[in-house]
Amino acid sequence: MAVVSDKVSMSNMQIIRRRTSPVFDQGFRWASYGSALIVLAVLAGIIGTMVHGGWPAFKEFGFGFVTSSIWNVGADQYGAWVAIAGTLTSALIALVIGVPISIGIAIFLTQLCPSWLRRPVSTVIELLAAVPSIIYGMWGLFVFAPLFAKYVQVPLSNIVEGMPIIGTVLYARVPSGVGMMTAGIILAIMIIPFIASITRDMLDQIPTVLRESAYGIGCTTWEVVRHVLLPQAGVSIIGAIMLGLGRALGETMAVTFVIGNANRLSLSLFDPSSTIASRIANEFNEAAGLQMNALLALGCILFVVTFIVLALARLLISRVKTH
Amino acid sequence: MDTVLYNPAATVTAPAPWGRVRRSRYVADRALKVICTLFTLLGAFVLGWILLMLVVEGIGGLSPAVFTETTPGPGTAGGGIANAIVGSLILTVLGIVAATPIGVLAGTYLAEYGKTSMLATIIRFVNDILLAAPSILIGLFVYMLMVQPMGGYSGWAGGVALAIIAVPVIVRSTEDMLRLVPSSLREAGAALGAPMSTVIMKISWKAARAGMVTGVILATARIAGETAPLLFTALNNNFWFSPTLMGGVSNLPVTIYQFALAPYENWRELAWAGALIITLSILALSVVARLLLKKDKVR
């Protein structure tokens, strides 16, 4: 037996003694370095393509490309304003609805939820982010929009009709359920998991002792949240909101289903409109010539805006983390 | 109600006698608790509603033909989505096979080589932006990069577009998981004379394996349902696609998109069946990924 085990350990030693060649070691280093550079190259490539492809449209229409609301394929006249306004409005609606809900969920998960329920509830909220956006689109168009038209748009239009300002903003000429407001609501649901999970992580990082001392001097849960937790997490919650905004700005398929895809500037939130992403999705495959350049220019604008928003988000979130 | 709302495990026991507390404080506190609970229920309710919708609408369309027959032409009865399912599998596998080595190596660079260097900081920043960048723009990018020069849509372009979406997910999770590996393990390896690459592959990767696999699974789940980047790259195809993957390659998300909005009853039924299949697969992948990570933590 002793002989056998000796043999085994001998062969093992030989395996161990086989050394990794320095060439492999260097090669591994360069491979990982190169892979990291690919990430940079992709971003540079996206920027380059958008600017290069959109340049003819920017040159043709100048600054008027951004401010003009004419999008006429027949006359080869393109202006981005309707799509830009649609993108910003729908994302804004999404934030107005989504942010309070997300923060509420984060507070529930960190402060109110019994510990055995935390994990399942967190998973459910995070699974909202895993549902493909096309499924949100189908849900929005076939399930939500009809209900929204019947129980919100029609009654609301009847009430506000004729009123100044509200009568325009909340009046649905064609109560089909499809339009800016529906897109905003769907987007709100889609960004909730992102904002909620980051806010939850940030609230978790706040030292328990702060919370305990606040409870110790007799604060209610509301006062602890309002005066201790939210100020402590402050900046990073804004970062989380910015991240949600970045997502909402670029969301494509769900919006394409429910926004109605009309190139019309309307003061009513219930009217169909379009966003940059939905217009690209609808038209790019059939586009040629200047129209394609105009769509790429739209993509360029979208990229610049989301880049700024996401960069801000990243800066705000990381600043708190390092402290 | 109280027992549900209060966290019994918390170290803080809330004051019981509300009688001596000003009414406005009591109301504000109650309102916060009720509203936060309702918001959470709303989130869970929406997920349940979407799943219920998929099951109710999709289960009727599920039949063996869905998995065996190709997508029907306009006005043709019957048909299935076999070509779309196979196409989606191919595109997803292509994407993840291309993305995994790049993502893992780039994540390794950030965690093991670059660390806090200027370049690593920039790449980390750029990666976070790509993580949330609009996926339709990635479709546009790959269209200009591959479809236009190659003179037509192809499954390869679709795979590259999906890979570009998957890479940042894998980079992020790989780096996060490698950072959790205690540096004493690496030092022990280095002290035995192991070169850097051996330390990384035999020690760091091994220790972080579960988390890295989770990252790859989550990336798979993420790209399996992506529609926007495929619109301009793999497009779609109502027949079996060419084995060289040149020309349009049928895939589930774009098929669902086209069929759901079509005027034909059987198309819409197939779209719902496809939606059910794809959503359940993706949710299953996400749950498996989570369980994998949890099991590792327990161990």
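Heavy atoms only: backbone and side chains are in, while hydrogens, waters and symmetry mates are out. The model shown is predicted, which means the values in this text are computed figures rather than measured ones.
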Beyond-backbone contact of B/Leu105 with A/Phe28, side-chain heavy atoms, under 4.5 angstrom
yes
Can you say whether B/Ala221 sits under 4.5 Å from chain A via the side chain, the backbone, both, or neither, judging by heavy atoms?
neither
Where does B/Leu42 contact chain A at under 4.5 Å (heavy atoms): side chain, backbone, both or neither?
side chain
Using heavy-atom distances under 4.5 Å, tell me whether A/Val224 contacts chain B through its side chain, its backbone, both, or neither.
neither
Under 4.5 Å from a heavy atom of chain A, the part of B/Ile278 involved
side chain
Of A/Leu295, A/Leu298, A/Thr49, A/Ile280, which meets side chain to side chain contact (heavy atoms under 4.5 Å, CB included) against B/Leu140?
A/Ile280
Of the backbone (N, CA, C, O) and the side chain (C-beta and beyond), which part of B/Gln148 lies under 4.5 Å from a heavy atom of chain A, both, or neither?
side chain
Taking side chain as C-beta onward, heavy atoms only, is A/Leu127 less than 4.5 Å from B/Leu47?
yes
So, the part of A/Leu109 with a heavy atom under 4.5 Å from chain B: the answer is neither
Measuring heavy-atom distances to chain A, does B/Asn127 have an atom under 4.5 Å in its side chain, in its backbone, in both, or in neither?
both
Verdict with supporting geometry, B/Tyr153 and A/Asn285, side chain to side chain donor-acceptor pair (under 3.5 Å):
CA-CA 11 Å; B/Tyr153 301 103; A/Asn285 270 331; 2.7 Å; yes
Between chain B and each of A/Val42, A/Ile135, A/Ile107, count heavy-atom pairs under 4.5 Å; write down the option with the most.
A/Ile135
Check: B/Asp29 side chain, A/Trp222 main-chain N or O, donor-acceptor pair, under 3.5 Å
yes
